[in-house]
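A, B, ... follow the sequence lines: proteins, then strands. Residue 1 opens every chain.
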Amino acid sequence: MLEFLTAFAILVGIYSVFALGLNVHWGYTGLFNIGVAGFFALGAYAAALLTIRPPLSNQGEDYLYSGDLANRLDSLPVVGVLDLWFVAALVAASLVAAAVALVVGTITIRLRGDYLAIATLGIAESVRLVFLNERWLSNVSRGIYTIPRPFGDIVAPQDYDRVYLVVVLVVFVVLFAGIRALVHSPWGRVLRAIREDEVTAEASGKHVFRFKLQAFVLGAVIMGIGGALYAFNFRAISPITFTPLLGTFIIWAMLVAGGSGRLYGPIVGAFVVWGIWSGSQFLPNVVERLPEAVGAPVLDALESVGLPNIRFFAVGVLVVLVLLYAPDGITPGIVRLRERLAGRMRRRARA
Amino acid sequence: MASAILRVRGLVMDFGGVRAVDNCSLNVDEGSITGLIGPNGAGKTTLFNLVAGFHKPTTGRVTFRDERIDGLPSYLIFRKGIVRTFQIPRELKRMSVLENLMLVPSDQLGESMWRAVAARWLVKRQERAIEAQAREVLEFTGLSEVADLPAEGLSGGQKKLLELARTLMAKPRMVLLDEPGAGVNPTLLRRLVGGIRRAREELGITFLIIEHDMGLVMRLCDHVIVMSEGSVLTQGAPAAVQQDDRVVRAYLGD
């Protein structure tokens with residue numbers, strides 16, 4: 001159970017990072033990025049390729065590039081102990097995501113409306129297809145594996161998840177603190193103004209293009225870092241991870257469910273959606289405990305529909321329910337509930 | 001005779017096959033409250049968009065304080081001191097009235113990503129100064145009571161006042177007001193007129209005002225320019241323009 005909760009918390013943390021990046025794009029600036037998976041993949045592959053060991057030709061691995069940074073830096077004194085190669089991998093993931101965002105943004109952000117959406121979707125698919133087809137770069141559909149574990153020497157392999165949870169939390173807290181400072185600053189105020197009405201922001205003397213581009217690159221960098229964290233968690237990545245459904249839709253669902261443009265929206269959303277997602281694997285076990293007459297047909301139905309589809313369906317239902325009954329997301333609802341409870345407590349205290 | 005702060009010469013704007021502004025030339029005197037009137041489709045709002053840099057003119061030139069500004073991006077024209085409002089108020093809905101104003105000052109330290117994180121102390125100090133300025137402007141325009149409300153909650157008239165407040169926040173030299181009186185009740189209208197007059201007297205701001213309400217134009221403006229079919233039909237003192245047959249014909253058709 002503890003292992004399950006640790007693994008669950010790691011993924012909530014990683015998906016919170018992605019949703020945090022999307023919150024910068026959509027929540028605060030109104031940039032309609034439906035290609036999260038692209039920056040996710042770029043970050044993951046950049047971090048992985050920089051750190052993996054060279055390929056073994058006798059196992060049919062013939063991708064050409066490997067940074068082998070983990071081995072190279074580990075042999076150095078001090079630096080090896082600190083696992084600075086992990087920091088280097090995060091930086092590399094950031095830089096690659098930033099570079100692509102800068103190019104795509106410069107071309108498309110000036111255009112109004114949905115062009116950015118089309119461009120980001122196209123870039124995400126292109127990135128995925130490049131990794132799927134370029135053997136020299138990414139080992140095609142077999143993907144990249146034997147990605148090293150940061151700070152893996154500290155504990156025994158079976159206890160490693162706890163170490164990695166701390167790593168993920170530290171990275172998330174640093175990013176979160178940075179974003180919190182930014183959205184509460186005049187810079188964040190300009191972004192929100194652009195989200196509300198780009199023309200008014202312009203009439204208030206703001207160089208709208210510059211701010212949108214900055215926000216686009218910043219969000220992409222955060223998504224790239226999320227990709228790196230993801231790669232080090234699973235230690236193997238392949239193009240199947242970066243499909244629009246797994247790499248973009250689920251992150252949008254998290255942001256929308258948690259509350260777009262809310263500081264805590266990404267965390268709440270990642271927790272709820274990933275809870276539904278990973279909780280649904282226990283569905284067959286639950287159904288098996290039901291009385292035979294009810295349970296058997298439900299189990300048959302589950303089997304024929306397939307668990308992955310049920311997961312997407314459940315997340316879809318959640319998004320629809322949130323949009324219908326709490327269009328600002330779950331987070332403001334929690335805040336209101338807390339205020340109402342606090343009010344009731346106060347009244348009771350007086351009585 | 002006051003000198004012209006804004007000079008428009010031979011300005012043309014084509015949208016596809018439609019010539020919205022057609023060889024338009026005019027001057028606006030420094031420190032004046034100049035009315036810009038004319039029938040719908042005369043090109044008044046397009047002229048505003050050209051002067052404020054929201055469109056690039058097809059041909060022609062615009063000079064502000066003896067400096068060419070046509071074709072400059074709007075944020076640079078804003079920095080030179082020309083600020084415009086919109087016919088239909090475009091408030092930042094889910095931001096507070098105070099935030100709507102605090103957005104406006106240019107070159108805020110905290111508008112740089114790096115300083116917003118690394119020099120928070122300096123940014124906060126500047127924020128306090130900007131907030132004080134915003135509260136002053138809210139006082140001036142009579143919006144103090146609604147300072148902390150989201151702007152979408154304001155009445156139509158209050159939104160018009162917020163548009164004026166936004167321009168004052170910019171410490172402009174010249175303000176372009178697009179129908180400030182439309183849909184504003186008489187009480188708020190008096191406040192609006194008082195605000196514009198005081199802004200001219202105390203801050204020396206030049207106003208160019210598009211307005212259909214002739215009563216308001218008569219009360220407020222010291223000079224009126226009449227546009228029709230994309231260019232200037234006539235101009236002069238408000239009373240003289242009102243008597244002009246050509247103006248009546250332009251409004252009513254021949």
Side-chain angles (χ1 to χ4, degrees), chain A residues 24 26-30 94 98 101-102 110 112 174-222 259-262 265 327-329 332, chain B residues 48-49 52-54 73-86 88-96 98-120 123-124 126-127 130-131 150-152 162-163 166-167 169-172 176 178:
Chain A
V24 172
W26 174 249
Y28 290 110
T29 324
S94 310
L102 198 63
R110 237 180 264 274
R112 299 253 158 119
V174 168
L175 292 175
F176 182 83
I179 294 301
R180 191 173 67 170
L182 278 172
V183 299
H184 289 151
S185 75
W187 187 78
R189 187 163 58 213
V190 177
L191 296 196
R192 281 180 290 133
I194 291 169
R195 175 192 73 192
E196 293 299 309
D197 192 328
E198 212 175 303
V199 177
T200 307
E202 225 172 286
S204 301
K206 303 307 170 202
H207 191 358
V208 169
F209 171 74
R210 212 188 81 198
F211 286 97
K212 280 168 83 173
L213 191 60
Q214 286 177 346
F216 188 60
V217 172
L218 176 66
V221 162
I222 295 171
S260 171
R262 307 271 166 172
D328 291 337
Chain B
F48 268 27
N49 282 330
F54 282 71
S74 56
Y75 71 96
L76 286 182
I77 293 180
F78 176 97
R79 285 177 187 206
K80 295 194 184 298
I82 300 182
V83 185
R84 58 91 50 95
T85 69
F86 298 99
I88 298 158
R90 301 187 77 134
E91 74 288 355
L92 305 167
K93 293 189 196 316
R94 288 180 291 171
M95 294 167 71
S96 75
L98 188 68
E99 277 186 307
N100 267 261
L101 295 191
M102 288 181 68
L103 171 75
V104 176
S106 291
D107 296 321
Q108 299 184 28
L109 284 174
E111 283 183 1
S112 134
M113 278 175 79
W114 319 116
R115 271 176 299 196
V117 175
R120 287 165 78 176
V123 170
K124 278 208 176 109
Q126 195 184 44
E127 281 284 273
I130 291 171
E131 186 182 335
E152 64 186 337
L162 179 59
E163 288 273 316
R166 179 164 56 74
T167 66
M169 194 66 197
K171 297 189 172 153
L176 314 176
D178 199 343

Legend entry - Side-chain donor or acceptor of A/E196 paired with backbone N/O of B/R94 under 3.5 Å: yes
Legend entry - A/A193 to B/L103 - nearest heavy-atom pair and separation: CB-CD2, 3.6 Å
Legend entry - Donor-acceptor contact present, side-chain A/T200 to main-chain B/L92, <3.5 Å: no
Legend entry - Toward chain B, the part of A/L191 with a non-hydrogen atom under 4.5 Å: neither
Inset, instruction - Calculate, to the nearest 0.5 Å, the distance between atoms CG and NZ belonging to A/D197 and B/K93 respectively. - result: 7.5 Å
Legend entry - When B/E91, B/R79, B/M102 are compared by non-hydrogen pairs under 4.5 Å with chain A, the top option: B/M102
Inset, instruction - Go through A/A181, A/A177, A/A203, A/G261 and name the one with the most non-hydrogen pairs under 4.5 angstrom from chain B. - result: A/A203
Inset, instruction - Heavy-atom distances under 4.5 Å only: say whether B/M169 touches chain A with side chain, backbone, both or neither. - result: neither
Inset, instruction - Heavy-atom distances under 4.5 Å only: say whether B/E163 touches chain A with side chain, backbone, both or neither. - result: neither
Legend entry - Whether B/R90 side chain and A/V199 backbone form a donor-acceptor pair below 3.5 Å: no
Legend entry - Residue part contacting chain A, namely of B/V83, when any heavy atom lies under 4.5 Å: side chain
Legend entry - Interchain contact, B/E99 with chain A, by part (heavy-atom threshold 4.5 Å): both
Inset, instruction - Over all heavy atoms of both residues, which pair between A/P186 and B/Q108 is shortest? Give the atoms and the distance, please. - result: CB-OE1, 3.4 Å
Legend entry - Closest heavy-atom pair and its distance - B/G110, A/S185: O-OG, 3.8 Å
Inset, instruction - Provide the closest heavy-atom pair for A/V190 versus B/E111 in the form atom of the first, atom of the second, distance. - result: CG2-OE2, 3.8 Å
Legend entry - Closest non-hydrogen atom pair between A/W187 and B/M113, with its separation: CE2-CG, 3.1 Å
Legend entry - Residue that, paired with B/Y75, satisfies side-chain hydrogen bond (donor to acceptor under 3.5 Å, both in side chains) out of A/E202, A/K206, A/H207: A/H207
Inset, instruction - State whether the number of non-hydrogen atoms from other residues, nucleotides or ligands found under 6.0 Å of A/L102 atom CG is greater than 12. - result: yes
Inset, instruction - Under 4.5 Å, counting heavy-atom pairs only, tell me which of B/A170, B/A52, B/A151, B/S74 racks up the most with chain A. - result: B/S74
